[in-house]
Amino acid sequence: VSADGAVLYLATSDGGLSVVDSRSNSSSSSSMIIATRKVNTLHLHANQQHLASSASDGSVAVWDVRSLAAASSSSSSSKAAKQQQGKAAKPLCFVGHNKSSQGACWCPDGSGRLLSISFDDTLRVWQDPAGPASSSGKLQQVLAVPHNNNTGRWVVPFRPAWSPAGDALLVGDMKRG
């Protein structure tokens, strides 16, 4: 949800993303494919310009919400809406894991750092090499932490979180002792 609550970003179990603008008089939304498998998380950056996604195909991607919003507003006519439905979107940046990525979240301090977690047993921190003021959305890995995320069949996968100050990572672990 955008900061003003007007735009909703909704993920689907088949790799889709729908953008719904509640200010629009029509009930249409823009739908596009952003992953080959289930989208597990979406997280909007504090700058309201970048949306991070994680998916069961291992992908972690950064999207420019302005281009997603443009696609949404261009699909107001029924013909354009039909053409836009199911199209694959292009991310600003595509990084990821070797196995299903179960979560991705931006650091709340505005530094542009992105935290991701996966069934490949790693927590990874990504950052734009151009710095937090950059709007490129390009990321490179700055930290990888071994982490037991194999929750098994009956436990919900762990979701990572930043501390409010952005100086610590918080997540559960299956390692005992």
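Being a predicted model, the structure only gives us computed values, none of them experimental. Below, all heavy atoms of this structure are taken into account, side chains as well, without hydrogens, waters or symmetry copies.
Neither Ile117 nor Leu170 shares a network with the other; the hydrophobic side chains, linked directly or stepwise wherever heavy atoms of I, L, V, M, F, W or Y lie under 4.5 Å apart, form separate groups for each. Placement of Leu169 and Val142 within a single hydrophobic cluster is found when ILVMFWY residues are connected by side-chain heavy-atom separations under 4.5 Å, directly or transitively. Residues Phe94 and Ile34 are members of separate hydrophobic clusters, defined by side-chain heavy-atom contacts under 4.5 angstrom among Ile, Leu, Val, Met, Phe, Trp and Tyr.
Checking side-chain atoms of Ser2 against main-chain N and O of Val7 turns up a donor-acceptor pair under 3.5 Å. Using modelled atom types, no side-chain atom of Arg113 and backbone atom of Pro108 make a donor-acceptor pair closer than 3.5 Å. At least one donor-acceptor pair closer than 3.5 Å links the side chain of Ser22 to the backbone N or O of Ala6. Formation of a donor-acceptor pair under 3.5 Å by the Ser118 side chain with backbone atoms of Thr122 is not found in this model. Between the Asp64 side chain and the His50 main chain, no donor and acceptor come within less than 3.5 Å of each other. For Ser163 (side chain) and Ala168 (main-chain N/O), a donor-acceptor pair under 3.5 Å exists by modelled atom type.
At a threshold of 4.5 Å between non-hydrogen side-chain atoms, the residues Trp162 and Val125 count as touching. You'll find the side chain of Leu123 reaches within 4.5 Å of the side chain of His147, heavy atoms only. Contact annotation: the side chain of Leu17 approaches that of Leu42 to within less than 4.5 Å [non-hydrogen atoms, C-beta and beyond].
A salt bridge links Arg23 with Asp4: the closest approach of a Lys/Arg side-chain nitrogen to an acidic carboxylate oxygen falls below 4.0 angstrom.
Heavy atoms only, all atoms of each residue included: Val39 and Gly16 are closest at CG2-O, 4.0 Å. Across all non-hydrogen atoms, the minimal contact from Leu139 to Val62 is CD1-CG2, 3.5 Å. Minimum heavy-atom separation, Pro91 to Ala61: CB-CB, 4.0 Å. The heavy-atom pair separating Gln102 from Arg159 by the smallest distance is O-NH1, 2.6 Å. In plain terms, the two heavy atoms of Ala55 and Asn40 that are nearest each other are C-ND2, 3.4 Å. Of all the heavy atoms in Leu115 and Pro160, the pair that sits closest is CD2-CB, 3.4 Å.
From Trp126, atom CH2 reaches atom SG of Cys93 across 8.0 Å, with rounding to the nearest 0.5 Å. To the nearest 0.5 Å, atoms OG (Ser56) and CZ (Phe119) are separated by 8.0 Å. Considering CD of Gln140 and CG of Asp128, their distance stands at 8.5 Å, rounded to 0.5 Å. Expressed to the nearest 0.5 Å, how far CH2 of Trp63 lies from CG of Leu92 amounts to 9.0 Å. Remark: His45 NE2 to Cys107 SG distance equals 8.5 Å, nearest 0.5 Å. To the nearest 0.5 Å, atom CZ of residue Arg124 and atom CG of residue Leu114 are 12.0 Å apart.
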Practice item. In sequence, state the C-alpha distance, the side-chain angles, and the governing distance for Ser18 and Ser31, and then conclude on side-chain hydrogen bond (donor to acceptor under 3.5 Å, both in side chains). Key: CA-CA 4 Å; Ser18 293; Ser31 297; 3.1 Å; yes
Review point. Step by step, would you call His97 with Val60 a side-chain contact (heavy atoms from CB on, under 4.5 Å)?
Key: CA-CA 8 Å; His97 293 266; Val60 175; 4.0 Å; yes
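Inspection of the Thr41 and Ser54 side chains reveals an N or O donor paired with an N or O acceptor under 3.5 Å.
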